[in-house]
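Report on one structure; see the data block that follows.
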Amino acid sequence: MNGLLAYCRPGFEGDCAAELQDKSGALGVFGYCQTQANQGYVIYRCQAEEADHLGRKLALKDLVFCRQFVVILAELTELAPTDRVSAIAMALLESPSEIKPLGDLRIETPDTNDGKELSKFCRKFTVPLRQGLRKAGWLTERESDRRPTLHAFFLSGQSVLLGYSYSYNQSPWLMGIPRLRMPAGAPSRSTLKLDEAFQVFVPVYEREERLQSGLNAVDIGAAPGGWTFQLVQRGMMVQAVDNGPMAESLMETGQVKHIREDGFKFRPKKKNIHWLVCDMVEKPARVGELMTQWLLEEYCKEAIFNLKLPMKKRYALVQEYLTQMTEQLTEHGHGRFELQAKQLYHDREEITVHIRWL
């Protein structure tokens, strides 16, 4: 069984599949996808050597609808409950010698209700499987980020897909999902979107500089303050732009200036804004144009914003939006920039975009 296994949000399998075929084709690999609605993953079929090539060269950070992808090694469908470890170890005997030993193990499931029911089993099975694979020489004695990671993706107690990902081209989180807690005092659950976005788009080694206390920020469409809360928690001074009311707890911090104005017309008096953030329920093309103008006019250095998606042709329209912004920044901008987009775990019918000047 050859190809890639890609994890995605249930309901977005078609978008994930379209993106995989588009991006792999650009790398000279042409395969086909197998999908089922709401299963939370996609299988992309291609030759084994092509799958490994994609595992190395298809950058996960450039994929919008894929949370994690792995190069498939084997599929086991009749695991005996009494000895799953031996069956998995035996299946790995057919694997390429160059990936042995693997540096880490992740036992995962689809992000579905059925997957959640398997989570308790997966937690219990992690230790015996890790011990058994180390004994068989398949895993390093200690976790190593210099070796590929082994993924055991359980579809049921008797069915598992085995695969690997390269440490430099993988999500740092199990199942590609950061586990965030709703912070006490946050005005809305939307706060988790920006928290996750910072973790996805800002590398750990750059956070001290790019998310430091004292930076100036603007939150357009801020009320009641879910995204402003994240900026305030990091010590930033925030201009919160919205005609609606802001949470009183945020106003009491002294770090927030509430500006009751149309977010599409507002511009700051000084060009000293580092972060521009926006989570308005508006047409995505209109929001993308507004964010692009702020960057072109150099009102901000970095922007994070959400684009609400239609029900159909989501991947095609996302590509259209991102292409328009890229062309505008390339043609009228003043230097190099970075643009990334992701459907985050805490997103729903939307994607989150990050743009910054380099």
Quick one: pull up [atom1] in [X] and [atom2] in [Y] and give me the separation to the nearest 0.5 Å.
{"X": "Ile304", "Y": "Phe198", "atom1": "CD1", "atom2": "CZ", "result": "5.0 Å"}
{"X": "Ile351", "Y": "Asp15", "atom1": "CD1", "atom2": "CG", "result": "10.5 Å"}
{"X": "Leu105", "Y": "Thr140", "atom1": "CG", "atom2": "OG1", "result": "10.5 Å"}

Between [X] and [Y]: side-chain donor-acceptor atoms closer than 3.5 Å:
{"X": "Glu13", "Y": "Thr35", "value": "no"}
{"X": "Gln68", "Y": "Ser165", "value": "no"}
{"X": "Asp22", "Y": "Tyr315", "value": "yes"}
{"X": "Tyr166", "Y": "Arg56", "value": "yes"}
{"X": "Arg314", "Y": "Gln343", "value": "no"}

Hey, does [Y] have a side-chain heavy atom less than 4.5 Å from the side chain of [X]?
{"X": "Phe229", "Y": "Val238", "result": "no"}
{"X": "Val204", "Y": "Arg207", "result": "yes"}
{"X": "Cys300", "Y": "Val218", "result": "no"}
{"X": "Trp294", "Y": "Arg267", "result": "yes"}
{"X": "Phe65", "Y": "Arg9", "result": "no"}
{"X": "Leu92", "Y": "Leu133", "result": "yes"}
{"X": "Trp173", "Y": "Tyr345", "result": "no"}

Practice task
Could you tell me how the ring of Phe201 sits relative to the ring of His354: parallel (under 30°), tilted (30 to 60°) or perpendicular (over 60°)?
Solution key: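 Phe201 vs His354 ring planes: parallel.
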Practice task
Name the orientation class of the two ring planes belonging to Phe125 and Phe154 (parallel below 30°, tilted from 30 to 60°, perpendicular beyond 60°).
Solution key: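 Correct class here is perpendicular.
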Within the distance-only criterion (no hydrogens, no angle test), does the side chain of [X] pair as donor or acceptor with the backbone N or O of [Y] below 3.5 angstrom?
{"X": "Thr191", "Y": "Ser188", "value": "no"}
{"X": "His53", "Y": "Leu58", "value": "no"}
{"X": "Thr126", "Y": "Cys122", "value": "yes"}
{"X": "Asn169", "Y": "Gly55", "value": "yes"}
{"X": "Gln230", "Y": "Trp227", "value": "no"}

Problem - Stepwise salt bridge (Lys or Arg N to Asp or Glu O under 4.0 Å) check, Lys308 with Asp347 - result: CA-CA 10 Å; Lys308 312 302 177 182; Asp347 286 337; over 6 Å; no
Exercise for the section: Using a strict cut-off of less than 4.0 Å between a Lys/Arg side-chain nitrogen and an Asp/Glu carboxylate oxygen, indicate whether Arg234 and Asp195 qualify as a salt bridge. Expected result: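 Yes, this pair counts.
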Exercise for the section: Apply the side chain to side chain contact (heavy atoms under 4.5 Å, CB included) test between Asn306 and each candidate in Val277, Val353, Asp279; give the one that qualifies. Expected result: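 Answer to the side chain to side chain contact (heavy atoms under 4.5 Å, CB included) test with Asn306 among Val277, Val353, Asp279: Asp279.
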Problem - Passing candidate, side chain to side chain contact (heavy atoms under 4.5 Å, CB included) with Glu196, options Leu192, Val200, Leu194 - result: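 With Glu196 as partner, Leu192, Val200, Leu194 yield a single side chain to side chain contact (heavy atoms under 4.5 Å, CB included), made by Val200.
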